[in-house]
Amino acid sequence: MTSVQVDKHHDGNEAAGTAPEEGYQRGLGNRQIQMIAIGGAIGTGLFLGAGKAISMAGPSIILAYAIVGLVIFFIMRALGELLMYRPVSGSFSEYGREFLGPFIGFVTGWTYWLFWVVTGITEVTAAATYVQYWNKGIPQWVSALVFTVALFGINLISVKLFGELEFWFSMVKVTAIIGMILIGLGVITLGFSNAGDTASFTNLWSHGGFFPKGIGGTLMTLQIVMFAFLAVELVGVTAGEATNPKKVLPKAINTVPWRIGLFYIGALIIILSVVSWTVFKPGVSPFVAAFQQIGLPAGAGIVNFVVLTAALSSANSGMYSTGRMLRDLALNGQGPKFFTQLSKNGLPTWGTGVSVGMMLFGVWINYQWPGDAFNYVVSFATISGMWAWIVILLSQLRYRAKANRGELPQSEFKAPGSPYTSVFALAFIAMVIVMMGVDPDARVSLYAAPIWAVILGVGYLCIKRRGSADGAAQRDAVPAGGDAKK
């Protein structure tokens, strides 16, 4: 939705909570949106990053995931309120543009695009790491290159096929985690396998206590935990291609509490009870390590395949998101005009193609620093992704204030406890950013953020000087709801 369409929406020519056609095909059904929402955050942050977090905090990492999970729920309900007011594919960039100004919309769109480019690098890096479980002779950069090219091909077909693949990717992840939880419960209660004699819930506090590294150790893991939840907001980007966004999006958002409880907290409680936290190491999936300790090598191989699938799924979602975000920027005069073009299947192939080209930079990172690549990109992806959350929360606060004054229609899906929950979430994010400054490994992202801000500032000034910061040039060339490829 461009600025002209926003004005039309506010003039009452469109019903509240609906969105005009943006040229996309509404090919994502209810079950696909539900599984994208459930599986979107089940990726390397849980399967690979949790290993480092456990080694830093011990069993108290469970508490860190629970607290961050609550904050994530507040963020998602704030997003849900905005989506029911106006469900569009530009999502947070559009809301930032409307409620916080065109510059914030510009910054948000390009930063979220960068986030997914960096995250795509993270995911193919993790996937390449998982391949070495079976064959250490395959260079990490080779696997990363193959995965990047293959996923790009998937994103050139159709949004319906993308949704179907994501449905099955997510189904594999969900089924596997439930299976791991059930096997772990069996080991704890029935005592079978090599870990049967030592598996016990007492492992949660018998090896140095619940906080073996102190409260400080737990706090230092917050940026890792926050990274694990990045991508939960992806359902907002699917709004422009959902068959019935007003129905399916609230359902997807309301699954956040139980999926966090089961897939994160539940899974971590079980594996930390089956195996002492002292066994886990950075760079090694705690799920794979747990099965190795149990003495089921085949099980460890299966889990490794599942986490490989999880990483590829997240990278696939990233390619999907980047193309849509670049097109939204272009439609509003804040990006190159050629990004507005759609394929005959309604896909933003130019935006996706350029984004994948940037992701190939990750192949070079894997070639140069195969051991450190994951840590480098995690920290920068975290700060980029959190910016989107900040804009969501600030936009929701502005929207709620205007709606309460009668200036805008009320959303049908209000965030409970707002504005207090949104303010609390903002304060928590600020605390995490401070903690990232304390952590030497995460500090690199704070060094890079000002550089990125300067680049964006210069870019926005150039656009403004051309007189197209308000999207006038694109609105003349692309009719509202039309196909930009003509």
Distance alone, cut at 3.5 Å: any donor-acceptor contact between the side chains of [X] and [Y]?
X: E98; Y: S395; result: no
X: W116; Y: S321; result: yes
X: Y112; Y: E233; result: yes

For F424 and F428, take the angle between the two ring planes, folded into 0 to 90°, and tell me which bin it lands in: parallel under 30, tilted 30 to 60, perpendicular over 60.
tilted
Geometric cation-pi criterion, R97 with F106: 6.0 Å, 45°
no
Side chain to side chain contact (heavy atoms under 4.5 Å, CB included) partners for V172, two or more places apart
V306, T309
Return the set of residues passing side chain to side chain contact (heavy atoms under 4.5 Å, CB included) with S418 (not counting sequence neighbours), or none when no residue passes.
Q396, L397, R400, A415, T421, S422
Side-chain contact test, heavy atoms from C-beta onward, threshold under 4.5 Å: evaluate it for [X] versus [Y] and give yes or no.
X: L326; Y: W350; result: no
X: L329; Y: F339; result: no
X: V356; Y: T322; result: no

Under 3.5 Å, side chain of R327 to main-chain N/O of P348, donor-acceptor pair present?
no
Look only at the side chain of S411 and the backbone of E81, and say whether a donor-acceptor pair between them is shorter than 3.5 Å.
yes
Begin from the C-alpha positions of I75 and L393 and carry the test side-chain contact (heavy atoms from CB on, under 4.5 Å) through to its verdict.
CA-CA 7 Å; I75 295 170; L393 293 165; 4.0 Å; yes
Shortest non-hydrogen contact between [X] and [Y], atoms and distance:
X: D328; Y: S93; answer: OD2-OG, 3.4 Å
X: G457; Y: F103; answer: CA-CE1, 4.3 Å
X: S55; Y: F280; answer: CB-O, 3.9 Å
X: T340; Y: A330; answer: CG2-CB, 3.4 Å
X: V131; Y: S143; answer: CG1-OG, 3.7 Å
X: P286; Y: I54; answer: CB-CD1, 3.9 Å

Given I429 and V432, is the side-chain contact (heavy atoms from CB on, under 4.5 Å) satisfied, shown in steps?
CA-CA 5 Å; I429 292 173; V432 172; 5.6 Å; no
So, taking the atom named [atom1] in [X] and the one named [atom2] in [Y], what distance separates them when rounded to the nearest 0.5 Å?
X: I392; Y: W387; atom1: CD1; atom2: CH2; result: 12.0 Å
X: I104; Y: I390; atom1: CD1; atom2: CD1; result: 10.5 Å
X: T111; Y: M386; atom1: OG1; atom2: CE; result: 12.5 Å
X: I62; Y: I271; atom1: CD1; atom2: CD1; result: 8.5 Å
X: W389; Y: I72; atom1: CH2; atom2: CD1; result: 3.5 Å
X: M76; Y: L249; atom1: CE; atom2: CG; result: 9.0 Å

For W134, does the CH2 atom sit with more than 12 other heavy atoms under 6.0 Å from it, leaving out its own atoms?
yes
Could you check I61 against V225 for side-chain contact (heavy atoms from CB on, under 4.5 Å), going step by step and ending with a plain yes or no?
CA-CA 8 Å; I61 193 63; V225 176; 3.7 Å; yes
Mind running side-chain contact (heavy atoms from CB on, under 4.5 Å) on Y399 and L82 for me, showing each step along the way?
CA-CA 8 Å; Y399 161 71; L82 293 168; 3.8 Å; yes
